[in-house]
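First comes the structure, then the notes that go with it.
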Number of protein chains: 2
Amino acid sequence: MSFGHVAIIGLGLLGGSIGLAVAEHLPGVGTTGYDADPAVRTRAAERGLAQRICATAAEAVADADLVILCVPVGAMGEAAREMAAALKPGAVVSDVGSSKKTVARVLAEALPGHTIIPAHPVAGTEHSGPDAGFATLFHNRWCILTPVDGVTCADTERLSEFWALLGARVEVMSAQHHDLVLAVTSHIPHLIAYTIVGTASDLEEVTQGEVIKYSAGGFRDFTRIAASDPIMWRDIFLSNRDAVLEMLSRFSADLEELRGAIAAGDGQALFDAFTRTRAIRRSIIEMGQDDARPDFGRSDHNGG
Amino acid sequence: MSFGHVAIIGLGLLGGSIGLAVAEHLPGVGTTGYDADPAVRTRAAERGLAQRICATAAEAVADADLVILCVPVGAMGEAAREMAAALKPGAVVSDVGSSKKTVARVLAEALPGHTIIPAHPVAGTEHSGPDAGFATLFHNRWCILTPVDGVTCADTERLSEFWALLGARVEVMSAQHHDLVLAVTSHIPHLIAYTIVGTASDLEEVTQGEVIKYSAGGFRDFTRIAASDPIMWRDIFLSNRDAVLEMLSRFSADLEELRGAIAAGDGQALFDAFTRTRAIRRSIIEMGQDDARPDFGRSDHNGG
């Protein structure tokens, strides 16, 4: 491994998982961690999310040859400016944000002359904070790198190797393409989930108690996604606005088509639409991106 | 238990699970089963989904004091007419369909003078067919009864007891109210999931391979729901059209509001919307209706 010391800025689900994964998979690599919230720093020290938890970002990055920003997308600029003066020459600066075009621009502005390789490990759970991380979060998950212009292949290779050693599968693409792909595989699904859970909360004819009781019919899957961190998701929608709006307009047009089929009683159109969606599920399971067991292998007595 | 013999018409996920659950929880109760598909009957006999698999519906119901129709909602009328002449006087006829107003009307027309108590166990997985059922499917799940006018409390009580003995929690309400509740907790979530999976399949800028690779960002949860049985879901949307269209228009209005907030860069509106949806998730977990573990407790190496 060509990085001897990794600094993790932001010690929530992703930052904490990186720290724990490095400890498990790369025992020779040093880690320092920093979080703007003192309570998170205390908890991170208790859990050992990094070998040393620092009181400032500058202290955390001083010895690092890889710095990973694990803060909400909207906080990237400030986090980068805070550590800029303390960065070692030649250090690679990366992140884990869910949108990449905006992050690339913000980091380039804040850190002129530095090696910037934005990254997005497509992994996570609905939980957040310093207690949420675990060492295996990236196993068999994809991590997308979107190096900015001028970054050498050698540096991109080094970061690829790092993620591969944490168990991830690595892909390189442009930030623009990343943002379009993730709009459909992640951002629109989250927006839809937040919306339907909100719609259900507002009904007068159906009580919230009823919505909760009968959620096993499908709704409960949406509530898991809609329990994700609100600051993180606010920032994603603000920073990936164009791709999200583009994909949303296609989704809305498709939904309007199915609505029309229901209104017209067109059973054939509904059957055809509901049949072609099964193949994609099979492929996701074959690619190892989901659990094949019914209901994701939930326990029978779900959480009871 | 006041039913000595239960006939199950339709031996897919729900019918098969009822047969297995009766065998496990009510060993003194006799069961017969029938399915219109000979291949399903063969497999049902191999798995022991009922004590005796019959070649006709009439034969299956001849001795039954409880008959449960476990066929798609659109096939209820034909299934009821097929067995009408063979029904014992006083037998209770029920079902497991996901919409109830249409089913109540169709069964009342097909079986005049019989005791009809439509029912909906809110339980299931994305799998279907005679291999999908299991005895614990109804544990800690709600089952909603919607007795038609003229049914006695005593008969409703008997059916409640049956479902309680299979592990379910029972609620009684009107068919109209059921259809409204389930439109929001189940039917709209399925429609949305089918739509977004279809949208993702149609993109030109993003390949299907990319959609599959990066599905862990949220999309894969939707593909599970969109892998549900297409005939069953076609029939649900056709039979619960009014409530579905009503709830869909509210969802669309709410989605339009969030779209507007994204377009306007209104971070506060997004943050507020994303914050209030967390409470409902907590309640669902507290009520034992979902698994509290991150990602539903999926295995780390999901399905790999």
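So that the names make sense, note that chain A is the first sequence line, chain B the second, and so on, each numbered from 1. This structure is a prediction, so every number in the text was calculated from the model and none was measured.
Heavy-atom pairs under 4.5 Å with chain A were tallied for B:G198, B:S252, B:S249, B:A261; the largest tally goes to B:G198. For the set B:S215, B:A200, B:A273, the entry with the most heavy-atom pairs within less than 4.5 Å of chain A is B:S215. Top candidate by heavy-atom pairs under 4.5 Å with chain B, chosen from A:V244, A:T125, A:I192, is A:I192. By number of non-hydrogen pairs under 4.5 angstrom with chain A, the leading residue of B:D235, B:D272, B:V211 is B:V211. Comparing A:Y214, A:F237, A:F219 by heavy-atom pairs within less than 4.5 Å of chain B, the highest count is held by A:Y214. Between chain B and the options A:K213, A:E286, A:M247, the largest number of non-hydrogen pairs under 4.5 Å is found for A:K213. The greatest number of non-hydrogen atom pairs below 4.5 Å with chain B, out of A:A269, A:A216, A:G74, A:A253, is found for A:A216. Heavy-atom pairs under 4.5 Å with chain A peak, among B:L191, B:T207, B:D242, at B:L191. Top candidate by heavy-atom pairs under 4.5 Å with chain B, chosen from A:V122, A:T199, A:L180, is A:T199. Ranked by heavy-atom pairs under 4.5 Å with chain A, the first of B:A263, B:S201, B:S283 is B:A263. Heavy-atom pairs under 4.5 Å with chain A were tallied for B:A123, B:A193, B:P230; the largest tally goes to B:P230.
Across every non-hydrogen atom of B:G218 and A:P189, the tightest pair is C-CB, 4.2 Å. The two atoms that bring B:S186 and A:G217 nearest to each other are OG-O, 2.8 Å, heavy atoms only. The heavy-atom pair separating A:R234 from B:F271 by the smallest distance is CD-CB, 4.0 Å. Of all the heavy atoms in A:R278 and B:A227, the pair that sits closest is NE-O, 2.9 Å. Summarising the geometry of A:F222 relative to B:I225, their closest heavy-atom pair is CE1-CD1, 3.6 Å, with the distance given to 0.1 Å.
Interface residue A:F251: backbone and side-chain heavy atoms are both found under 4.5 Å from chain B. Of the atoms belonging to A:S228, it is backbone heavy atoms, and not side-chain ones, that fall under 4.5 Å from chain B. At a 4.5 Å heavy-atom cutoff, the contact between A:Q208 and chain B is made by side-chain atoms alone. The part of B:L258 that comes within reach of chain A is its side chain, from C-beta onward, which places non-hydrogen atoms under 4.5 angstrom from that chain. For A:I188, the part lying under 4.5 angstrom from a heavy atom of chain B is the side chain only. The contact between B:I231 and chain A is made by backbone and side chain atoms together, counting heavy-atom distances below 4.5 Å. Of the two parts of B:I284, the backbone and the side chain both hold a non-hydrogen atom closer than 4.5 Å to a non-hydrogen atom of chain A. At a 4.5 Å heavy-atom cutoff, the contact between A:R276 and chain B is made by side-chain atoms alone.
In this structure, CG on A:L203 lies 5.5 Å from CZ on B:R250, to the nearest 0.5 angstrom. To the nearest 0.5 Å, the span separating CG on B:L255 from CD1 on A:I196 amounts to 10.0 Å. For the atom pair CZ of B:R241 and CZ of A:R259, the computed distance is 11.0 Å after rounding to the nearest 0.5 Å. The CD atom of B:Q176 sits 10.5 Å away from atom CD of A:E205, with the distance rounded to the nearest 0.5 Å. Distance check, rounded to the nearest 0.5 Å: CD of B:E126 to CZ of A:R293 gives 11.5 Å. B:L238 CG to A:I262 CD1: the interatomic distance, rounded to the nearest 0.5 Å, is 8.0 Å.
Classification of the B:F296-A:F296 ring pair by plane angle, with boundaries at 30° and 60°, yields parallel. Below 30°, between 30° and 60°, or above 60°: for A:F274 and B:Y194 the angle between ring planes is below 30°, a parallel geometry.
For A:E256, the CD atom sits in a packed shell: over 12 heavy atoms of surrounding residues, nucleotides or ligands are nearer than 6.0 Å. Within a 6.0 Å radius of CD in A:E24, other residues, nucleotides and ligands contribute more than 12 heavy atoms.
The backbone N or O of A:V197 lies less than 3.5 Å from no partner atom in the side chain of B:T277, so there is not a single donor-acceptor pair.
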Tell me, with the steps shown, if A:L270 and B:W233 meet side-chain contact (heavy atoms from CB on, under 4.5 Å).
CA-CA 8 Å; A:L270 295 174; B:W233 282 96; over 6 Å; no
Derivation of the side-chain contact (heavy atoms from CB on, under 4.5 Å) call for B:H177 and A:E210
CA-CA 11 Å; B:H177 189 63; A:E210 288 176 318; 2.7 Å; yes
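Results of the side-chain hydrogen bond (donor to acceptor under 3.5 Å, both in side chains) test with A:T223 over B:Q289, B:R282, B:R281 single out B:R281 as the only residue that passes. Each of B:D291, B:D290, B:D295 was compared with A:R224 under the salt bridge (charged side-chain N to carboxylate O under 4.0 Å, His left out) criterion, and only B:D295 meets it.
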